[in-house]
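Because the structure is predicted, anything quoted here is derived from the model rather than measured. Each chain gets a letter, A, B and so on, in the order its sequence line appears, and its residues count up from 1.
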Amino acid sequence: QKEVEQNSGPLSVPEGAIASLNCTYSDRVSQSFFWYRQYSGKSPELIMSIYSNGDKEDGRFTAQLNKASQYVSLLIRDSQPSDSATYLCAVVSMDTGRRALTFGSGTRLQVQP
Amino acid sequence: GAGVSQTPSNKVTEKGKYVELRCDPISGHTALYWYRQSLGQGPEFLIYFQGTGAADDSGLPNDRFFAVRPEGSVSTLKIQRTERGDSAVYLCASSVQGAGELFFGEGSRLTVL
C-alpha cells in the first residue's frame with residue numbers, strides 16, 4: 001500500500017465550479033499535511049498546510065483534515081482556468097521516522113473555460 | 001538570489017558516466033532536501049540535510065548516489081555509474097527548520113542515454 005494515495009485524474013470541472021481533490025494516507029500518526037500545486041514543467045509550490053482536524057480556509061482554497069478516516073482534501077472554489085495543474089498531497093509520516101515529506105502521485109485538475 | 005537555485009537545468013549523459021547536480025538553497029534555510037520526480041509521479045524523497053549533516057538518507061536508492069553539504073549551504077548530489085533508470089527531474093528544496101513548508105528549485109533534468 002502506498003503511503004499517500006491520490007486519484008491521478010484528470011479531474012475536469014467547468015470554470016466557476018468547486019473542484020474537490022482527495023487524498024488518503026496510511027500512517028495513523030502522521031501529523032502534518034500539505035497541498036502543493038505543480039504546473040506542467042514547473043516545480044511544486046506550497047498552497048496549503050493543515051495540522052489539526054477540521055477545515056482551514058485561505059482565499060478560494062479550503063483544506064479539510066479527518067485524522068480518524070485518514071484523509072485530507074482540498075476544495076477550490078470558483079475554479080479558474082489558471083488553477084489547471086497537478087495537485088500533490090504530502091504528509092510527514094511518523095511511522096517511517098522520516099522528517100521529510102512523502103508525496104502522493106498527484107491529481108491533475110483541468111478547469112474548462 | 002531569492003529562491004532555490006539548481007544547476008545544471010538540463011544534463012544529458014551516457015550510461016556509466018558520473019554526474020554532479022548542484023543546489024543553492026534560500027539564504028538562512030537550514031534544511032535542504034533532494035527529491036527526484038519521474039513523469040506522472042510525485043516527488044520521491046532521496047535525502048534530507050539539517051545543517052551540514054545528512055539527517056535522513058533513507059531514500060537514496062543505492063550506493064551509486066551520494067550527497068554532501070559541507071558548509072551547511074550549497075549541496076551537491078553525486079551519481080556514479082549512471083543508468084538509464086536514473087533519468088528523472090532531480091528537485092532540491094529548502095525550508096527554514098525542517099518542516100513541510102518546502103521551497104523548491106526548478107529542478108535538474110537528467111537524461112541518461
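Side chains of A:Ser26 and A:Gln70: no donor on one and acceptor on the other come within 3.5 Å. At a cut-off of 3.5 Å, with distance as the only test, a side-chain donor of A:Thr62 or A:Arg77 sits close to an acceptor on the other residue. Between A:Ser12 and A:Gln112, the side chains place a donor N or O and an acceptor N or O closer than 3.5 Å (distance only, hydrogens not considered).
Using a 4.5 Å cut-off between heavy atoms, A:Ser49 touches chain B through its side chain atoms alone. Only the side chain of B:Gln37 comes within contact range of chain A, judged by heavy atoms closer than 4.5 Å. The contact between A:Gln38 and chain B is made entirely by side chain atoms (from C-beta outward), counting heavy-atom distances below 4.5 Å. B:Tyr35 touches chain A through its side chain: at least one heavy atom from C-beta onward sits under 4.5 Å away, while N, CA, C and O do not.
Residues A:Leu101 and A:Leu46 share a single hydrophobic cluster, defined by chaining ILVMFWY side chains whose heavy atoms lie under 4.5 Å apart.
Evaluated for a ring-ring contact (aromatic ring centres under 6.0 Å, His included) with A:Phe103, the options A:Tyr25, A:Phe33, A:Tyr36 yield exactly one hit, A:Tyr36.
Listed by sequence position, the residues of residues 60-68 of chain B in contact with chain A number zero, using a 4.5 angstrom heavy-atom cutoff.
No donor-acceptor distance shorter than 3.5 angstrom exists from the side chain of B:Arg69 to the backbone of B:Val74, with no hydrogens or angles considered.
Taking SG of B:Cys92 as the reference point, atom OH of B:Tyr33 lies at 11.0 Å (rounded to 0.5 Å).
If you chain together ILVMFWY residues whose side-chain heavy atoms come under 4.5 Å of each other, B:Val12 ends up grouped with B:Leu113.
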